[in-house]
Each structure stands twice: as structure tokens, then as C-alpha cells.
2 protein chains.
Amino acid sequence: MNFDARYAAQSFKSVGTRPIRPDGVDKVTGRARYGADFNMPGQLVGCILRSPHAHAKIEKIDTSKAEKLKGVKAVITATDLPDLTNGDAAMYDILDNCMARGKALYDGHAVAAVAAIDARTARQALKLIKVRYKVLPHVTDVDEAVKPSAPLVQNDVFTAGVDPRPTKPSNIARRSQYGHGDVDAGFGKADIIVECSYRTEQTHQGYIEPHACVASVNSDGTAELWVCTQGHFVFRQHCAGLLGLDVSKLRVTSSEIGGGFGGKTHVWIEPVALALSRKAGRPVKLVMSREEVFRASGPTSATSIDVRIGARSDGTITAALATLRYSCGPYDGMWAEIGAMTAFACYDLENVRSVGQEVLVNRPKTAAYRAPSAPMAAFAVESAIDELAGKVGMDPVALRIKNAAKEGTRSSYGPVYGPIGIGPTLEAVQKHPHMNAPLGRNQGRGMACGFWFNFGGQTCTDLNIGVDGTVTLAVGTVDVGGSRASLSLVAAEELGIPYEQVKAVIADTSTLGYNDMTDGSRGTFSSSMATISAARNAIAVMKERAARMWDIPVKDVDWEDGHARARGKKHGNLPPLSVKDIAAAAPKTGGPIAGHSELVADGAGVSFATHICDVEIDPETGATKVLRYTVVQDAGKAVHPDYVEGQYQGGAAQGIGWALNEEYIYGEDGRLQNPGFLDYRIPVCSDLPMIDTQILEIPNPNHPYGVRGVGETSIVPPLAAIANAVSNAVGVRMTHIPMSPPRILAALDGKKAG
Amino acid sequence: MNFDARYAAQSFKSVGTRPIRPDGVDKVTGRARYGADFNMPGQLVGCILRSPHAHAKIEKIDTSKAEKLKGVKAVITATDLPDLTNGDAAMYDILDNCMARGKALYDGHAVAAVAAIDARTARQALKLIKVRYKVLPHVTDVDEAVKPSAPLVQNDVFTAGVDPRPTKPSNIARRSQYGHGDVDAGFGKADIIVECSYRTEQTHQGYIEPHACVASVNSDGTAELWVCTQGHFVFRQHCAGLLGLDVSKLRVTSSEIGGGFGGKTHVWIEPVALALSRKAGRPVKLVMSREEVFRASGPTSATSIDVRIGARSDGTITAALATLRYSCGPYDGMWAEIGAMTAFACYDLENVRSVGQEVLVNRPKTAAYRAPSAPMAAFAVESAIDELAGKVGMDPVALRIKNAAKEGTRSSYGPVYGPIGIGPTLEAVQKHPHMNAPLGRNQGRGMACGFWFNFGGQTCTDLNIGVDGTVTLAVGTVDVGGSRASLSLVAAEELGIPYEQVKAVIADTSTLGYNDMTDGSRGTFSSSMATISAARNAIAVMKERAARMWDIPVKDVDWEDGHARARGKKHGNLPPLSVKDIAAAAPKTGGPIAGHSELVADGAGVSFATHICDVEIDPETGATKVLRYTVVQDAGKAVHPDYVEGQYQGGAAQGIGWALNEEYIYGEDGRLQNPGFLDYRIPVCSDLPMIDTQILEIPNPNHPYGVRGVGETSIVPPLAAIANAVSNAVGVRMTHIPMSPPRILAALDGKKAG
């Protein structure tokens with residue numbers, strides 16, 4: 001589908017087809033090697049001792065007994081990871097989070113670690129480490145933390161982004177603001193104003209595979225790291241920085257990854273494993289348990305958001321305002337800021353302001369979780385928009401179409417949009433049969449929109465053509481969602497050869513140039529740009545080789561449909577040369593044929609989605625059943641539609657869990673009460689309907705094939721769509737996520753009481 | 001030292017220094033991962049059943065009992081490796097050698113293989129495989145094999161290279177001939193003619209690490225191979241061809257290598273491991289025992305060589321003729337041909353002819369062994385030259401200097417030499433104190449010359465610059481002798497950064513373009529050319545980046561001494577930018593910085609050496625002690641002199657073992673009687689003196705730094721140098737190598753009897 005005549009449909013042969021996934025056989029037969037599936041001869045087992053307190057001064061750590069235990073080869077504390085961050089605050093926070101320095105800041109914060117000959121010995125050694133804590137008052141709740149009376153998570157944090165600089169420390173680490181126009185004037189022009197506060201609880205990405213790595217540091221300052229990560233080049237840089245190594249001396253290999261969703265973009269155990277290996281003089285394997293993953297990896301923020309929207313009686317929004325408080329764990333983040341940027345990004349607004357506050361709490365350091373921060377902001381804003389539609393008396397879809405951003409709109413976070421998909425997704429939803437399907441008793445329907453920026457960034461790809469004309473593609477963006485298949489399709493498209501003749505692998509950090517993380521939905525977008533560039537460089541080489549084979553000037557050689565063709569009548573009788581022909585001759589025409597690309601992938605096209613959801617509430621139990629779910633999203637060009645649909649479905653599924661059930665539950669003592677999949681309930685197959693998808697293709701003009709990122713936007717609308725559906729079913733506006741059975745029952749009770 | 005003013009000494013900062021080897025720590029601490037040090041989850045153990053007969057028809061293989069044994073996951077025979085070679089005779093020989101097809105051709109020839117859950121089960125299963133052999137007459141001796149009455153090793157081999165084509169099959173697979181001039185006329189002009197026949201026995205490279213691999217074939221036609229090899233790209237091509245895979249679908253990673261010396265340039269167990277894995281559906285690890293290495297990997301040829309040389313009374317050689325018979329095992333080879341090419345390569349001859357005969361015998365398929373075929377030819381020719389010197393009454397060194405090849409000489413194998421080192425090595429030897437040191441009773445001194453071609457070939461290198469300005473170098477030539485250090489020196493030289501900031505790794509076949517084997521002394525020669533080219537490409541990128549940083553035209557940027565410098569007065573105040581400066585800015589100036597190179601390294605400079613050796617004979621036991629040994633060899637430019645000296649010493653050490661002790665001993669039954677280091681005696685430390693070295697540097701004009709290969713030439717002179725020394729000590733011309741104690745005693749007895 002093409003919404004803009006300027007980007008007329010390109011004709012693709014490989015791109016847009018749906019070959020079976022190349023990593024599938026490995027994964028279903030158990031042969032794929034994940035983080036824990038690698039071993040080095042002589043490796044030790046690492047274990048981490050974690051704080052049982054939410055907030056405590058570490059007065060003394062006595063490791064002497066543990067060190068004496070037979071089979072223990074190294075015991076480390078923060079002193080074994082000296083501060084080499086040289087004033088880099090973000091790096092310091094990473095260091096402090098990997099191993100507490102002076103204070104334990106949350107339940108689960110690492111305070112010491114052991115490497116021993118086996119797991120049993122390592123666990124026994126942990127018990128022999130004596131830590132003297134002085135327990136401090138703690139705060140885990142985002143609304144409690146911003147109160148002036150709250151215990152301070154850090155003693156020396158003064159809210160940044162506020163002028164003049166505050167004189168008293170605070171748990172609000174930083175304030176950020178976005179928007180334009182005059183919001184007060186806008187509200188003055190409004191006929192109707194809605195205003196409400198919303199809360200969301202902290203959730204975890206819930207990836208199947210816990211963090212795992214094998215680290216080996218040599219006495220000569222070179223090191224190796226095998227690790228499950230979304231970005232081995234970034235891990236290399238962080239670990240090398242924390243350990244004081246040249247980046248070139250640390251070789252990081254990314255394993256297969258059993259899910260990341262943003263949670264594997266940060267180092268947690270890896271610097272610890274390296275420090276253990278350095279001290280022990282042997283390789284160390286470190287694998288988190290599920291409990292450790294919950295307590296001490298990086299969940300998303302809990303949030304508290306106030307929204308105020310004003311509109312004229314015809315539905316035109318005149319002003320929009322939001323204040324977003326996002327928990328960051330004990331360290332400054334950019335989470336509320338991203339929330340503030342995304343909150344109103346779907347709309348064309350004259351007057352808009354959003355304010356973000358990064359809130360420190362005694363919980364684990366917040367990490368990215370799929371379109372991080374956007375789902376909560378969308379929950380608040382899209383709930384308010386629905387309220388507004390109700391008050392204006394307009395169909396919620398029509399109200400959104402009326403106010404939707406379009407090409408040329410100045411976005412609420414600054415940039416002016418190019419061709420975008422919010423309008424088309426809304427129009428597709430308006431026409432979708434789902435919107436007019438009948439509903440039964442206790443059932444409700446909701447819809448909502450979502451936005452995500454999509455990232456680009458630094459990307460390198462090497463493309464090598466074998467002597468049989470088949471191709472290896474070495475890419476550096478970890479494949480979290482099928483990008484090896486998508487990039488093979490792109491290489492095949494560009495070279496004009498069958499998909500089956502391309503094999504993509506993720507190269508380690510020593511054999512390819514630097515690549516940013518697979519995050520921000522950048523994997524396929526960026527690496528396909530680099531792949532196209534590398535393939536075109538290889539084609540240029542092949543044209544030279546063909547010219548040499550034919551003994552004609554290279555300017556007389558065209559490349560078309562996977563063949564070199566001699567141009568002009570004088571060469572008319574030369575039969576075209578295929579990639580295979582040229583590759584076979586390569587040893588005699590100049591050697592191996594390759595194309596390379598190092599680039600910064602600029603111009604990732606923004607992405608929009610609109611979701612529809614039907615739910616049924618059980619008034620007895622408060623349980624919510626999702627009856628039907630439809631995702632409509634702009635993919636730019638869908639390189640491998642199966643994977644695009646999978647991303648749409650996956651984001652919706654995670655959003656459903658988040659909306660209805662998932663939450664971190666902390667006790668009064670500041671300890672996490674549900675660090676396991678029995679008590680932290682993610683949706684399983686039987687909880688979900690088949691999630692329908694509709695791919696729209698509004699080409700991204702900055703990408704040769706029009707590709708946009710697709711992986712994250714799908715988790716943005718669900719919280720709001722489901723909240724709108726549940727609110728419609730219950731008859732009460734639901735403002736607190738997850739809408740777990742107790743909260744539904746409370747809402748029903750409130751309604752009866754009201 | 002510079003012998004030619006045309007190639008004035010370049011000034012080097014890094015190249016020519018001697019940093020400690022980067023792989024040393026790993027190797028001495030046991031952390032280096034060799035062929036057997038890698039494991040895949042779920043892997044099986046492979047074992048190979050080998051023929052106990054030197055020559056036998058395989059009438060039937062019954063694997064049914066083995067297949068039924070609990071824990072056995074796959075049993076294969078030749079039928080599991082169907083012939084996909086499509087008429088490629090060389091590939092067919094490789095296939096047949098990996099798994100006998102119809103006939104077992106030597107003691108140790110693989111006939112079946114098993115993959116089982118552990119080694120015990122696999123070995124038990126081998127015993128349950130019943131093979132019905134029909135034993136055939138065999139021949140293992142090279143002189144016996146060429147007799148018309150000899151049993152035929154292959155029934156359908158008619159000597160190639162003979163016109164007209166013979167009508168009867170023969171064990172002489174092929175005849176080759178080199179030379180020029182009129183040999184008969186040359187002998188007619190001679191005042192003195194020497195003529196003699198020589199024999200050498202078969203030896204093994206004696207690498208410490210047996211062949212080992214882990215293979216994993218997936219049901220989707222993709223496969224992985226971890227393997228100890230001298231050339232993983234060639235292994236990929238051979239294995240992919242034999243298994244019927246696209247080359248891009250087979251990812252081969254080379255392990256560290258515990259010696260190769262040519263013996264790991266051929267596939268032996270790898271296709272078998274892949275076929276087992278394909279059948280079992282699981283990864284398979286296959287490791288040869290030492291006995292298997294001796295019986296069924298690739299030793300060098302046994303030879304029988306006739307030499308005739310004529311000279312005028314002033315020592316000028318007028319004609320030289322050699323006939324060289326080299327055993328190839330059961331398949332055609334190029335061994336006698338290489339012998340024929342190298343035999344007279346040290347000399348400037350008007351009339352010369354050498355004829356090679358590839359001789360089939362019931363022994364394992366001959367493989368390359370360090371300057372393959374040249375040591376035996378040199379032994380014969382250099383012995384004859386010494387004989388000639390004696391008859392002419394000239395000093396052996398002076399006679400050689402008189403006849404030595406020089407720049408412009410048409411070599412005996414065809415090409416005209418450029419600047420070469422045979423003259424300079426001889427002159428250095430003439431002046432060397434070793435030549436004039438006194439000798440005692442039962443002692444003798446010998447010297448001899450040697451030649452090796454050196455290879456170039458297809459080579460790819462990727463050079464990536466990290467954000468901290470340190471560099472990773474991904475090379476594809478397996479590091480058998482320290483090339484990672486040498487190539488890091490070259491990259492450091494070219495970029496103007498310290499050696500310590502470069503880390504070289506051997507990339508796997510999926511992340512780099514094709515590289516020929518590390519053979520023919522091509523590793524450092526070829527990969528340094530590619531490294532220089534890649535570094536220069538990276539410098540071009542850095543100049544562009546500097547121009548962008550300065551906002552000046554790139555044509556105004558010079559690169560000098562590791563810095564970008566703005567040229568011209570108008571930019572006079574811009575301080576130079578280092579690699580580190582430019583790398584740090586890279587994310588904002590266009591992304592990661594890299595340089596790549598794919599090339600055919602042409603122009604490997606030929607290499608010459610002259611060795612001096614002193615021995616003492618024990619007339620009671622016949623034992624020979626090497627008292628003193630000096631190697632003088634041209635290295636072109638010595639990149640890392642420690643490694644160059646190491647190569648000189650290593651070649652000499654191996655030559656000493658070959659000359660004095662090592663040999664394959666076959667029984668009447670055609671079975672190898674000494675497949676182990678107890679009975680096949682390689683020199684140990686206490687057998688050897690410190691081997692002195694002298695590096696000459698006659699720059700190779702085809703290489704930017706003047707580099708030549710250095711790894712192989714050092715094994716060419718020892719057989720002859722020691723034979724000349726022993727002959728001088730014993731007083732009898734020794735014509736049969738090894739000069740083991742029984743042969744020395746026989747010579748002494750013969751002398752007494754004579």
C-alpha cells in the first residue's frame with residue numbers, strides 16, 4: 001500500500017517475501033548457542049552476593065572466610081572494580097550499579113562476587129561473606145519519592161534542568177520540558193477541558209533467557225567476552241572502560257539471544273565476570289537466576305502522570321499539558337524525558353507542553369523496555385483523549401483523525417514530520433470490520449494510538465562473495481527479531497540473487513567495525529542501509545571484474561537484475577555475466593570480491609500505530625479477557641512481512657500483560673515480593689487471542705527501500721487501548737495500570753457505591 | 001643490511017622491532033583454544049575405523065551391529081559421502097582418501113566412522129563393524145613401485161605427461177620436466193662429471209597437535225566447523241564441495257594451531273565429521289590419536305633421485321641433470337614436480353634438465369611438509385655439488401659462489417630472477433667465523449644451499465579503528481608462526497601508532513573474504529600487503545574526516561607520522577590530528593572508520609639460504625651429534641626478527657631430525673611399524689645445539705616494505721648440509737637419509753672393507 005505518490009512503489013523481488021527463518025532450525029533443535037551454552041576450558045563459576053536491604057550503608061565486607069574455602073579462586077568487591085570513569089557520571093552509575101560502592105541502593109544490588117570451581121562451592125562461599133550493613137530509610141514508590149519528606153536515595157542529587165539550581169537535594173534527579181505555543185492561552189480558548197492523573201506500575205521485559213556470559217581476562221591485558229546482549233560493541237566499550245582496557249583488546253562475541261526488549265542494552269554482570277576472571281586468572285561463567293533477573297536487572301519505570309487537554313466543541317484540541325514522573329531506580333535516567341517527548345507526538349497541536357521528572361527510588365536501575373517510556377505516556381494521553389471524545393460527543397477515532405499529526409506538522413518534541421502514518425492507521429482502523437463488530441454484555445471496545453521515534457546510528461556491514469557466487473553478510477547489529485533473514489533478503493534484492501544464496505552472521509567485535517545497539521528499532525533499518533551500501537560497493541567491483549573479463553571499459557558495463565551487461569552495440573554479442581560467473585573468475589581477475597560499508601544511518605522514519613481491542617470483564621472475579629485485538633501499523637517497507645507481523649503481535653502481547661497483570665510488588669521492607677514467573681504473571685498463550693495485524697507501507701524517504709523500524713511502536717498503544725476498552729466495559733475510567741482483578745473489582749465497587 | 005642501492009633502506013619505527021608475542025600468555029597458561037578445546041552442547045564423539053591392510057578390496061561393510069549399540073547415533077561409510085566431485089580428479093582423490101571407496105589403499109585408510117555419545121561407546125562400535133576385505137598385493141617402496149613388475153596401486157593410472165600416452169597402467173602417475181639449454185651438449189663440454197643416486201625416507205611433520213575438529217550440520221543445509229587448520233577458507237571450500245553445501249553456508253573457524261608445517265593444508269577427518277554430524281543430527285567432535293596422525297595424515301614423500309653434474313676444470317658447471325622419483329601415496333601429486341623445479345634453482349646454469357616422476361605407493365597420501373619436496377632435491381644436488389668441488393679441487397663455498405644464480409639469471413624452472421639472496425648468503429657464509437673454526441677427531445663440517453619459491457595468493461584483511469583509536473585487524477591467514485604480531489607491527493607502522501594499540505585476530509570464514517592457505521611462506525608476506533593496503537584505505541578515510549573536522553578541502557590534508565596535517569599557510573595554525581583524535585570524533589563525522597583490502601598478493605620474492613653444520617660421529621654406535629649449526633638466510637625485510645630467527649631455527653631443527661633419525665618404517669605386510677613418537681624419533685632439545693642465525697635483508701621489490709616469505713627455506717639445506725658434514729666426518733659419501741646409526745655404521749664398515 002502506498003500512501004504517497006512521491007514514493008511510488010518500487011518493484012521488489014526478494015524484499016517483501018516470507019522465507020522461513022534461518023535461525024529457526026537451530027532454535028527448535030536446541031543447537032542455537034545462547035549465553036549459557038558456551039564454555040571455556042578451565043572456566044570457573046561466578047556468583048554474586050546481593051543486598052537484602054532496599055537501602056543500606058555498607059560498613060564492612062569481610063571476605064576472608066570465603067577466600068579460604070577450598071575451590072574458591074577469587075572474591076571481589078567494589079574495590080576490585082576501581083573507579084576509572086574519570087568524571088563520567090553515566091559510566092559511574094553503571095559501575096556503581098554493577099557493584100555497590102559504599103551504599104546498597106536496592107534489594108538485589110550486588111555487593112560482592114565469587115568465582116569458584118563449581119556452583120555449589122561458589123554459593124557456599126557467598127554465605128561465608130560477612131557484610132555489615134547500616135540499614136537506611138528507603139522509598140520505592142514514585143509518588144512517595146517526590147514528596148519533600150521522602151528519604152533521599154542519593155544524598156548529593158540536586159534536580160538538574162531547573163533554574164536556579166535547587167539548594168536542597170531531592171529524589172527528582174532531572175527535569176525536562178518539551179512543547180511549543182502558549183498552553184495557557186490554548187486552555188483559554190478551550191470549550192471543554194479534561195484533566196486526570198494516571199499511574200502505571202513497574203514491569204519487567206520478561207525475556208526468556210536470563211543474562212549470561214563467559215569472561216576471560218589475560219594477564220597481558222587482552223580479554224574475551226561471550227555474552228547474551230543486544231549490543232556487543234557497546235558492551236565492549238562499557239566493559240573496556242570499566243576495566244581499563246583498550247577497546248581493541250576486548251573481543252566480545254554475542255550469543256544467540258533469548259529476548260531482550262531493551263533489557264539487554266545495559267551491562268550488569270559482565271564487568272563483574274571480567275573482574276572475577278582478572279583476579280582468578282581463569283575464565284569465569286556467570287549466569288543470573290530468574291530471581292536475580294527480577295531483582296537486579298533493569299525493569300521499566302513506574303510512573304505517575306497528570307494530563308490536561310482542552311478542545312473546542314468541534315473537537316479541535318487547543319492545548320495539551322502533561323507532567324510525567326518516571327521512576328529511574330537509584331540513578332538518573334532519561335525515562336521521563338522520553339515520556340515527555342512521546343506523549344503528544346501523534347497529534348498536530350498548536351499549544352503543547354510536557355514536563356518530565358526523573359525520580360530516584362530504591363528499586364533496580366531502570367532499563368529500556370521496548371519503546372521505553374512511550375506506553376505509559378500513551379496510556380495517560382490516549383485515555384484523556386477518549387475522555388475528551390466522550391465529553392465532546394465525538395467518535396474517538398474521528399476526534400483523533402481531526403487532530404492527527406501529518407506531513408509538515410511540528411511535532412510536540414520539536415522536529416517537523418515528513419510523510420507519516422498516523423492518519424493512515426486511523427483511517428484504516430475506522431474502516432476496519434473490527435470497529436463495527438457487535439459487543440456483548442460486560443464487553444467493551446477501546447482503541448488508541450502510539451508513536452515511536454525509531455533510531456538510526458553507527459552501523460558497519462561486510463559483504464563477501466564466495467567463489468561459488470554465494471554470499472556471506474557479516475553484520476554487527478545483534479539479531480533479536482529475525483534481522484539476519486531480513487538483511488539476507490536485502491542483500492539478495494540488491495545483488496539480484498536468490499535469498500537462499502545469502503548467509504548472514506553476527507560478527508564479533510574484532511572482525512567488524514563498531515555498531516550501535518540493536519535498540520530503537522534500528523537493527524533492520526540501519527543494517528539494511530549498510531547492506532545496500534555494501535552490496536552496491538560489491539557491484540561496483542563486479543562491474544570492474546566483468547570489464548576485465550570482457551576486456552572493455554568499465555564505463556560500458558551496466559548492472560541489471562543480478563548480471564553485468566555490456567552496453568552499446570559494439571559489445572552487443574557479449575552474454576551477460578552473473579554473480580556466479582564473475583565470482584568464479586575472481587581468483588584470476590583481482591582476488592576475492594567484497595563490499596563494505598561504515599555509516600551513520602540517518603533518517604530513521606518515525607512510526608505510528610493504532611490498535612483496537614475488545615475485552616470482557618468478569619464482574620465476579622474482576623478478571624479481564626481480551627476477546628479480539630487488531631494492530632494497524634506503518635512499517636515503511638515491510639522487508640520480511642512475517643517478522644513485521646511478529647513484531648506487531650509481540651508488542652501487543654507484552655502490552656496486554658502490562659495492562660492487565662504485570663507489576664513489581666514491593667513490601668514495606670522495600671524487598672521485591674514477586675521475583676519469579678509464578679507471582680509475576682506474564683501472559684501465556686491461553687491468555688491471548690490471535691492478534692490480527694495490518695501492515696501499512698508509507699515509505700520512509702530517507703531509506704533506499706523506504707524501510708522504517710517496526711519493533712517497538714506495537715507496545716505503545718496497548719495499555720491505552722485496553723484501558724479504554726476496560727473503561728468502556730466497566731463503565732468507569734480506569735487510571736491505574738495494571739488493571740488487575742482487584743483493581744477492576746474496586747472500580748466496580750466504586751461504581752456501585754457512586 | 002641492504003645489498004642493492006635501488007632498494008634503499010626504508011626507515012621503520014615498528015617493523016623490525018621485537019615485541020613479545022601476543023599469543024604467548026594464552027599458550028603458556030593453557031588458555032589458548034586448540035582444535036580439541038572447543039565443545040558444542042550435545043556433541044557426539046566421532047571415531048574412524050581404519051584399514052589394517054596396505055591394499056585390499058572392500059567387499060562388504062556390515063554396520064548393523066554397530067548401529068544397534070546403545071549410544072551410537074550414526075555410522076557412516078563411503079556411501080554417506082556420495083561422489084559430488086563432478087569429474088574433478090583432485091577432489092575425488094581427497095574424497096577417496098577421507099573414506100575409502102571400494103579399495104583400502106594403505107594401512108590406516110578410513111573405511112567407516114561412528115558417532116556416539118562418548119568415546120568408549122564409539123570405540124566399542126568400531127569393533128562391531130564387520131569389513132570383509134580381499135587383500136591385494138601391495139607396494140610401499142618408491143623404487144620397487146616404479147618397476148614394471150610392481151603391484152598396481154591404482155588400476156587405471158596411465159602416466160600423464162608422456163607422449164604418446166602409455167597403453168599400460170603404471171605406478172608412475174605423472175612425469176614433469178623443467179630446464180633449458182642442451183644438457184647433452186653441456187656434458188660434452190665438461191671436464192669432470194659427477195653422478196650419483198640418492199634416497200630419502202618418508203618423514204612426518206611431527207606437529208604437536210593432532211588433527212581435531214567439531215562439526216555441526218543442520219537440517220537446513222547450514223553447517224559449522226571448528227578446526228585446527230592452516231587454511232579455514234580452503235577447508236570450507238573442500239568440505240562444502242564434498243558435502244554439497246554452498247560455501248557461504250559453511251562457517252569455518254580456525255582454532256589455535258599446534259603446528260602444521262604443511263600437514264594441515266589438507267582435509268582428512270573434517271568431511272567425515274561433517275558427514276557424521278549430518279547423519280546424527282548433532283554436533284560431532286573428532287580428534288585423531290597420534291597413531292592415526294602417523295598412519296593416516298599426510299607425511300612427506302620418500303624419494304629416489306639420480307643426479308648428474310658436469311663442470312669445466314675451473315668449476316663452471318656446464319650441465320646438470322636430475323631424475324626425481326617422489327612417492328605420493330596412492331594418489332597423483334605434484335611432489336616430484338616441485339622437486340624438479342627446485343633442484344637446481346640456486347644456480348645459474350646454461351644447460352639444465354630435471355625430470356619428476358610422481359610415484360604411487362600403498363602409503364598415506366603425501367602432504368606438504370615445509371618447502372615440500374625441496375629438501376630432498378637439495379640433498380641430492382648439494383651432495384653432488386660437494387662431490388664436484390672435491391673432484392675439481394675447489395672450496396665448496398667458492399664453487400657455489402662461482403655458479404650461483406643472480407639477478408637476471410634464468411632459473412632452472414623458468415622465470416628470470418629479480419634481486420636475490422643466494423650470492424649474499426654464500427658470501428656471508430664464506431666470511432662467517434663458523435667456517436674457519438677448528439674441528440676435532442670424528443668431526444666434520446658441511447654446508448649447503450637451499451631455495452624456496454614463496455607464494456602469494458588471494459588475501460583479505462579488514463582493519464577497524466575503535467573509538468579510542470586502537471585498532472583491530474581481522475586477517476584470514478591462519479597464524480602458524482607469529483603472524484598476528486608481525487601484521488600488528490605492519491599496521492602500527494603504516495598508521496603511525498604504537499604496536500600495543502593493534503590487536504590482530506584470525507577471522508572466521510563468514511566474516512572476511514576468502515584467503516588462501518597459510519602455506520608457501522605466504523602468511524606474513526600476503527597479509528602484510530593486504531594490511532598495508534587496508535591501512536592506507538583507512539588513512540584515506542581519516543584524511544576525509546580530518547578535513548571535515550577542520551572544514552577544509554581534503555586535498556589540503558596530508559598524512560604524516562600517524563597524524564593528519566593541514567597543508568599550506570592558510571591552515572597553518574591547525575594542530576595535527578592523531579588517529580585517536582579522529583577516531584573519537586568519528587561518530588559525528590560519518591561513523592566508524594575502517595580500511596579493507598581484497599587482493600591477490602603477486603610477486604612473492606624467492607628465498608635462499610645457506611647453512612653450515614658441524615657434526616661428530618661416534619664410531620662405536622654410529623650416532624651423530626650436531627655440534628654447531630648456522631643458518632644464513634635472506635628475509636627480504638624481517639618484520640619481527642624474533643619470529644624470523646625462530647623460523648630459521650625451526651626449519652633447521654626439523655631438517656636435523658629428518659637427516660639423522662626420522663623415517664617411516666613399513667613391514668613386509670605393508671603396515672607402519674613405528675606410528676608413535678617413541679619409535680619415530682624427532683629431535684628433542686637435548687639433541688640440538690643452539691642454532692645460530694644471520695638474517696640478510698635483500699628487499700623484495702614487489703612488496704612495499706621489501707618483505708619475503710621466511711618460513712620454509714630453512715628446512716631446505718639441512719639434509720644436504722648435514723650429509724656433507726657427516727660424509728666429511730665419516731670419509732664416505734652418505735647417499736641415504738636418514739643417516740641413522742645403522743646406516744652410519746654400515747658406511748664405516750664399508751669404508752673399512754673398501
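Between A:Met91 atom CE and A:Leu242 atom CG the span is 4.0 Å, to the nearest 0.5 Å. Remark: B:Leu250 CG to B:Leu274 CG distance equals 6.0 Å, nearest 0.5 Å.
No other option in B:Gly457, B:Ala474, B:Ala601 has as many heavy-atom pairs under 4.5 Å with chain A as B:Ala474. Ranked by non-hydrogen atom pairs under 4.5 Å with chain B, the options A:Gly590, A:Ala586, A:Gly466, A:Gly42 are led by A:Gly590. Each of A:Gly221, A:Gly513, A:Gly469 has some count of heavy-atom pairs under 4.5 Å with chain B, and the biggest count is that of A:Gly513. If you tally non-hydrogen atom pairs under 4.5 Å between each of B:Leu473, B:Val475, B:Val217, B:Ile465 and chain A, the highest count goes to B:Val217.
Contacts of A:Pro22 with chain B are made by backbone atoms alone, with heavy-atom separations under 4.5 Å and no side-chain atom involved. With a 4.5 angstrom heavy-atom cutoff, B:Ile506 touches chain A only via backbone atoms. Looking at B:Phe233, neither its backbone nor its side chain comes within 4.5 Å of chain A, counting heavy atoms on both sides. The contact between B:Val247 and chain A is made by backbone and side chain atoms together, counting heavy-atom distances below 4.5 Å. Neither the backbone nor the side chain of A:Val541 comes within contact range of chain B; no heavy atoms are under 4.5 Å apart.
Partners of A:Ala115 by side chain to side chain contact (heavy atoms under 4.5 Å, CB included), not counting sequence neighbours, listed by chain and number: A:Leu44, A:Ala74, A:Leu276, A:Val284.
Residue B:Ala534 comes nearest to B:Leu463 through the heavy atom pair CB-CB, 4.1 Å, listed as atom of the first residue, atom of the second, then distance. A pairwise comparison of heavy atoms in B:Ala538 and B:Ile593 identifies O-CG2, 4.1 Å as the closest pair. Here the closest non-hydrogen pair linking A:Phe525 and A:Phe455 is CD2-O, 3.7 Å. Taking all atoms of both residues into account, the shortest heavy-atom contact from B:Gly231 to B:Val478 is N-CG2, 4.0 Å. Across all non-hydrogen atoms, the minimal contact from B:Ala584 to B:Pro587 is O-CD, 3.4 Å. In this structure, A:Ala530 and A:Leu599 approach most closely via the heavy-atom pair CA-CD2, 3.8 Å.
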Give each N or O donor-acceptor pair spanning chain B and chain A at a distance under 3.5 Å, with atom names and distance to 0.1 Å, or state none.
{"from": "B:Asp26", "atom 1": "OD1", "to": "A:Asn218", "atom 2": "ND2", "distance (Å)": "2.2"}
{"from": "B:Arg31", "atom 1": "NE", "to": "A:Asn218", "atom 2": "OD1", "distance (Å)": "3.1"}
{"from": "B:Arg31", "atom 1": "NH1", "to": "A:Ser216", "atom 2": "OG", "distance (Å)": "2.6"}
{"from": "B:Arg31", "atom 1": "NH1", "to": "A:Val217", "atom 2": "O", "distance (Å)": "3.0"}
{"from": "B:Arg31", "atom 1": "NH1", "to": "A:Asn218", "atom 2": "OD1", "distance (Å)": "3.3"}
{"from": "B:Arg31", "atom 1": "NH2", "to": "A:Val217", "atom 2": "O", "distance (Å)": "3.3"}
{"from": "B:Arg31", "atom 1": "NH2", "to": "A:Asn218", "atom 2": "OD1", "distance (Å)": "3.3"}
{"from": "B:Arg31", "atom 1": "NH2", "to": "A:Gly281", "atom 2": "O", "distance (Å)": "3.2"}
{"from": "B:Arg33", "atom 1": "NH2", "to": "A:Glu224", "atom 2": "OE1", "distance (Å)": "2.9"}
{"from": "B:Ser216", "atom 1": "OG", "to": "A:Arg31", "atom 2": "NH1", "distance (Å)": "2.6"}
{"from": "B:Val217", "atom 1": "O", "to": "A:Arg31", "atom 2": "NH1", "distance (Å)": "3.0"}
{"from": "B:Val217", "atom 1": "O", "to": "A:Arg31", "atom 2": "NH2", "distance (Å)": "3.3"}
{"from": "B:Asn218", "atom 1": "OD1", "to": "A:Arg31", "atom 2": "NE", "distance (Å)": "3.1"}
{"from": "B:Asn218", "atom 1": "OD1", "to": "A:Arg31", "atom 2": "NH1", "distance (Å)": "3.3"}
{"from": "B:Asn218", "atom 1": "OD1", "to": "A:Arg31", "atom 2": "NH2", "distance (Å)": "3.4"}
{"from": "B:Asn218", "atom 1": "ND2", "to": "A:Asp26", "atom 2": "OD1", "distance (Å)": "2.2"}
{"from": "B:Glu224", "atom 1": "OE1", "to": "A:Arg33", "atom 2": "NH2", "distance (Å)": "2.9"}
{"from": "B:Val247", "atom 1": "N", "to": "A:Asp468", "atom 2": "OD2", "distance (Å)": "2.9"}
{"from": "B:Ser248", "atom 1": "N", "to": "A:Thr470", "atom 2": "OG1", "distance (Å)": "3.2"}
{"from": "B:Ser248", "atom 1": "OG", "to": "A:Thr470", "atom 2": "OG1", "distance (Å)": "3.0"}
{"from": "B:Lys249", "atom 1": "NZ", "to": "A:Glu500", "atom 2": "O", "distance (Å)": "2.3"}
{"from": "B:Gly281", "atom 1": "O", "to": "A:Arg31", "atom 2": "NH2", "distance (Å)": "3.2"}
{"from": "B:Asn464", "atom 1": "OD1", "to": "A:Gly513", "atom 2": "N", "distance (Å)": "3.1"}
{"from": "B:Asp468", "atom 1": "OD2", "to": "A:Val247", "atom 2": "N", "distance (Å)": "2.9"}
{"from": "B:Thr470", "atom 1": "OG1", "to": "A:Ser248", "atom 2": "N", "distance (Å)": "3.1"}
{"from": "B:Thr470", "atom 1": "OG1", "to": "A:Ser248", "atom 2": "OG", "distance (Å)": "3.0"}
{"from": "B:Glu500", "atom 1": "O", "to": "A:Lys249", "atom 2": "NZ", "distance (Å)": "2.3"}
{"from": "B:Gly513", "atom 1": "N", "to": "A:Asn464", "atom 2": "OD1", "distance (Å)": "3.2"}
{"from": "B:His596", "atom 1": "ND1", "to": "A:His596", "atom 2": "ND1", "distance (Å)": "3.3"}
{"from": "B:His596", "atom 1": "NE2", "to": "A:Glu598", "atom 2": "OE2", "distance (Å)": "2.6"}
{"from": "B:Glu598", "atom 1": "OE2", "to": "A:His596", "atom 2": "NE2", "distance (Å)": "2.7"}

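Annotation: side chain of B:Cys239 is not in contact with side chain of B:Val252 (no heavy-atom distance under 4.5 Å).
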